[in-house]
Trainee: 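This is the structure I have questions about; it appears just below.
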Number of protein chains: 10
Amino acid sequence: MLFQVEMTVKLPPAMPVEQAAEIKAREKAYAQELQRAGKWRHLWRVAGSYANVSIFDVEDNAELQELVSNLPLFPYMEIRVKPLCRHPSSIREDDS
Amino acid sequence: MLFQVEMTVKLPPAMPVEQAAEIKAREKAYAQELQRAGKWRHLWRVAGSYANVSIFDVEDNAELQELVSNLPLFPYMEIRVKPLCRHPSSIREDDS
Amino acid sequence: MLFQVEMTVKLPPAMPVEQAAEIKAREKAYAQELQRAGKWRHLWRVAGSYANVSIFDVEDNAELQELVSNLPLFPYMEIRVKPLCRHPSSIREDDS
Amino acid sequence: MLFQVEMTVKLPPAMPVEQAAEIKAREKAYAQELQRAGKWRHLWRVAGSYANVSIFDVEDNAELQELVSNLPLFPYMEIRVKPLCRHPSSIREDDS
Amino acid sequence: MLFQVEMTVKLPPAMPVEQAAEIKAREKAYAQELQRAGKWRHLWRVAGSYANVSIFDVEDNAELQELVSNLPLFPYMEIRVKPLCRHPSSIREDDS
Amino acid sequence: MLFQVEMTVKLPPAMPVEQAAEIKAREKAYAQELQRAGKWRHLWRVAGSYANVSIFDVEDNAELQELVSNLPLFPYMEIRVKPLCRHPSSIREDDS
Amino acid sequence: MLFQVEMTVKLPPAMPVEQAAEIKAREKAYAQELQRAGKWRHLWRVAGSYANVSIFDVEDNAELQELVSNLPLFPYMEIRVKPLCRHPSSIREDDS
Amino acid sequence: MLFQVEMTVKLPPAMPVEQAAEIKAREKAYAQELQRAGKWRHLWRVAGSYANVSIFDVEDNAELQELVSNLPLFPYMEIRVKPLCRHPSSIREDDS
Amino acid sequence: MLFQVEMTVKLPPAMPVEQAAEIKAREKAYAQELQRAGKWRHLWRVAGSYANVSIFDVEDNAELQELVSNLPLFPYMEIRVKPLCRHPSSIREDDS
Amino acid sequence: MLFQVEMTVKLPPAMPVEQAAEIKAREKAYAQELQRAGKWRHLWRVAGSYANVSIFDVEDNAELQELVSNLPLFPYMEIRVKPLCRHPSSIREDDS
């Protein structure tokens, strides 16, 4: 089951550089692990921003909450979620 | 080059049913043609709405304008566009 | 799987009274059928408005889309959807 | 008398981890006490967020204010309240 | 129990003058009847607008919904509702 | 001359508890003094919030500014003002 | 007593040209009459729009309501009102 | 003197096709005339929309108002204006 | 050439009182100097707020930027600018 | 390929003056380097603000992201991006 998740990162200006780097490194590792597991199906940068557009593929709402709330950057992001389903005009069987 | 395009359909309540059906049929044919051509890479329905989330793959901004403005439903939609690019944490080569 | 669905009805002022009455009657029958089927778990009026707050219990996003888009008032409503899941502080097993 | 209460938690990034944990523990105990007392009828997590959707069942507006303003997280939340009442299409006697 | 109700009237420009006058006359009679009954405690015009600020005094949310939804101008108004209660700094016993 | 004044308190999380208590005590004394003087005609808590709805009765705009800007919580509040006047459907002579 | 009044004209596209011209002519005559009477102290066009910024000089809120609600374009305008008073840094005695 | 002008066209769905075509033809002729006169310095389509971003070069605010309000599509557009001036980091003498 | 400038002051709560007083004193001196020079034509307090409505009379956009960006409170204000010009219904020659 | 980029600078009030000056100096050098390289085609100050309107000329979305995210002020700016293309009414060949 797919969800569009849009994340905008807002790090506090006062956060020490090393702390930010450490969080981002964990975020990257976690994001790549979820991608390899097939849970984070797409991940794009929005050009000109510190934001991304993502497509998650999860069992249900509870799994979405578990995956998203464990993001290392979760406390520092604005997140918008939209549930997706198959579009009647789509020609791709594996895209819903 | 990828763009996220979000479309919300707002048909005027006074539009005759046949006219709406005819426009929707042309929209569907056009959407499927663009998908087969590889230009409209993803098309999802936003659950609980008359809206979609789409990913377009185009040569440049001009082609995006050409494809979107020719949608039969174009005059009846609110459309939001975001330019996308490869995310540094993405593991998919073919997804940017 | 639960979703909060908030619906605000905006009937066009020019709609004939009989047509509005007919749509509302079908809406009521459909809403009660979905409640009896266990799909529309809660339905409340927002006091002082022509709006409701609802909780849907569906298999997945696709079923949510099917149920909501078939509402007779669907073309005349503003609809906001939020995916829900169990809250870690909830004490009710059957409420998620 | 029912109210929908939507709460979004915004803890200051600079709050020490222990202080946050202590507040959250008190919040959980308080939320469960109100649920057992029948005052906090439903409590759901909004998937992909640090927010909840709740249904309160109170005597009047004054009790709502008393219960909500005593939440340990009250100073750190954005809260939206909507008064609810029985919907004419509802089939549940005990749900208003 | 008190509620602040803010109403902004938006009559369709195409409504015939006589129809508008008839609705407004019924609105005025109804508003004055509710004031005499003690249900509509205050009614002020917002200067420079076709809007009012009102204070309703009702038994519960259900009565608020009944009174407001029966306003002859109800289909033509944007309405915002806020539940009120006694303020700890208020010195008036009869004002909550 | 009446004005509706809506105040939402936003104290900085880092403000020491004693400082906040001292400001609130002065706010309460000042609010009660203005009520006794007939300048602050109504004061209600918005249920479920740290906000109030107030009705001020002043000589002119300048007095409104003087009274509001001297509120001890003034630097920590979002304030919205609406000028009020007699509504043609009001039945109360003393309410405008 | 001064008020800033911002007006944006939104004539319905379907209004016949002659009707629009007649309303605008009455609006102009009325605006000039109020200016000559000293009630409409300033009237500026916002460049690049069908909107104006105005300063009204009235006895009280009630007169503001009377003058503004009698504007021939009143039913077709979005209007925002702000009460003004003397600024402590102003050097003009006659400008408050 | 430069202004950024952003225009979004919103033609009423009920406008006859011939009328729309006639207005658009006049708009195009007028836009090209102003470009040749050096008044409309830049004109870009916003990709994926029926909107443009423009840079006007005018004598003063009054000329901006004159040029913009004479656009044949003026009654059917949402228009946002921003005054521009030389940026201290700009390296182009002729671009302010 | 006239511009409407609306300024809302948002001083950081943590700013020392003396620093705030010093900035405000410089702001006042600067504002009065610009008024005497005829550049800051009107300056009004918005009643019930820490905001003002101003009318600037400048040579061009560049001078507006120079004057406004040199305000001592500039880093602490939200500022909205609208270019103004003569209104066709205005009767004052010297007011545009 | 052109993009309109609007940047609003929001430096934290607590940032030391020297740090701000150093970042701004690097920003200026970088902006002028990109202008000389033909990547940052236009750069205007929005009068009365700490914001700019820019036109970037890049190979694709990825280059836009690279250039914008390397701005020294990037962590302190609100940035809005719009993809541009040739307008059918434009008379300039080199402006798209």
Side-chain angles (χ1 to χ4, degrees), chain E residues 1-9 21 23-58 60-61 64 71-73 77 80-96, chain F residues 1-9 21 23-58 60-61 64 71-73 77 80-96:
Chain E
M1 210 170 65
L2 301 186
F3 288 88
Q4 181 206 41
V5 182
E6 298 184 290
M7 311 178 196
T8 302
V9 184
I23 296 176
K24 289 178 195 175
R26 282 195 290 122
E27 180 85 6
K28 183 171 191 170
Y30 181 72
Q32 295 192 332
E33 174 193 325
L34 291 186
Q35 286 176 81
R36 280 187 293 264
K39 295 298 181 185
W40 196 327
R41 200 188 266 212
H42 300 286
L43 169 57
W44 297 290
R45 169 67 75 217
V46 180
S49 77
Y50 193 2
N52 71 64
V53 169
S54 293
I55 306 293
F56 277 74
D57 185 357
V58 295
D60 52 19
N61 294 345
L64 179 70
L71 288 164
L73 282 169
M77 294 200 289
R80 294 196 313 143
V81 168
K82 287 184 185 162
L84 302 178
C85 60
R86 197 167 205 281
H87 193 285
S89 299
S90 174
I91 63 170
R92 289 182 55 174
E93 287 300 325
D94 63 331
D95 202 26
S96 61
Chain F
M1 206 168 68
L2 301 184
F3 287 87
Q4 180 188 256
V5 182
E6 298 183 291
M7 311 178 196
T8 302
V9 184
I23 297 176
K24 289 178 196 174
R26 283 195 289 125
E27 178 88 5
K28 184 170 188 170
Y30 181 72
Q32 295 191 333
E33 174 193 325
L34 291 187
Q35 285 175 80
R36 280 188 293 265
K39 295 298 182 185
W40 196 325
R41 200 187 266 210
H42 299 286
L43 169 57
W44 297 288
R45 169 69 74 218
V46 180
S49 78
Y50 194 1
N52 71 65
V53 169
S54 293
I55 306 292
F56 276 73
D57 184 357
V58 294
D60 52 20
N61 294 345
L64 179 69
L71 288 164
L73 283 170
M77 295 200 288
R80 294 197 312 142
V81 168
K82 287 184 186 163
L84 302 179
C85 60
R86 198 169 205 281
H87 193 286
S89 299
S90 174
I91 62 170
R92 289 183 53 174
E93 287 299 326
D94 64 332
D95 202 26
S96 61

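Note on naming: letters A, B, ... go to the chains in the order of the sequence lines (proteins, then strands), and numbering restarts at 1 for each one. The figures that follow rest on heavy atoms only: side chains count, while hydrogens, waters and symmetry mates do not. This is a predicted model, so every value here is computed, not measured.
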Trainee: Pick whichever of E/Gly48, E/Ala31, E/Ser90 has the most heavy-atom pairs under 4.5 Å with chain F.
Mentor: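 Highest number of pairs under 4.5 Å: E/Ser90.
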
Trainee: Return yes if some donor-acceptor pair links the side-chain N/O of E/Gln35 with the main-chain N/O of F/Ser89 below 3.5 Å, else return no.
Mentor: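 Answer holds: yes.
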
Trainee: Whether the side chain of F/Trp44 engages the backbone of E/Phe3 through a donor-acceptor N/O pair (distance < 3.5 Å, no angle test) should be reported.
Mentor: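 Checking the backbone N and O of E/Phe3 against the side chain of F/Trp44, no donor-acceptor pair under 3.5 Å is found.
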
Trainee: Please classify the contact between E/Val46 and chain F as side chain, backbone, both or neither, with a heavy-atom cut-off of under 4.5 Å.
Mentor: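 Backbone plus side chain of E/Val46, per the 4.5 Å heavy-atom cut-off to chain F.
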
Trainee: Excluding sequence neighbours, so at least two apart, what forms salt bridge (charged side-chain N to carboxylate O under 4.0 Å, His left out) with E/Lys28?
Mentor: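 None.
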
Trainee: Working to the nearest 0.5 Å, report the span between CG of F/Asn52 and CD of E/Gln4.
Mentor: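 Answer for the CG-CD pair, F/Asn52 versus E/Gln4, is 10.5 Å.
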
Trainee: Rounded to the nearest 0.5 Å, what's the gap from NE2 on F/His42 to CG on E/Leu84? Could you check?
Mentor: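 Separation between the atoms: 11.5 Å.
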
Trainee: Mind checking salt bridge (charged side-chain N to carboxylate O under 4.0 Å, His left out) for F/Glu6 and listing every partner two or more places apart, or none if nothing turns up?
Mentor: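 F/Glu6: salt bridge (charged side-chain N to carboxylate O under 4.0 Å, His left out) contacts with E/Lys82, F/Arg80.
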
Trainee: What are the two closest heavy atoms between F/Gln32 and E/Pro88, and how far apart are they?
Mentor: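 Looking at all heavy atoms of both residues, the shortest contact is NE2-O, 4.3 Å.
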
Trainee: Starting at CH2 of F/Trp40, measure out to CZ of E/Arg92 and round the result to the nearest 0.5 Å.
Mentor: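 Interatomic distance, F/Trp40 CH2 to E/Arg92 CZ, rounded to 0.5 Å: 14.0 Å.
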
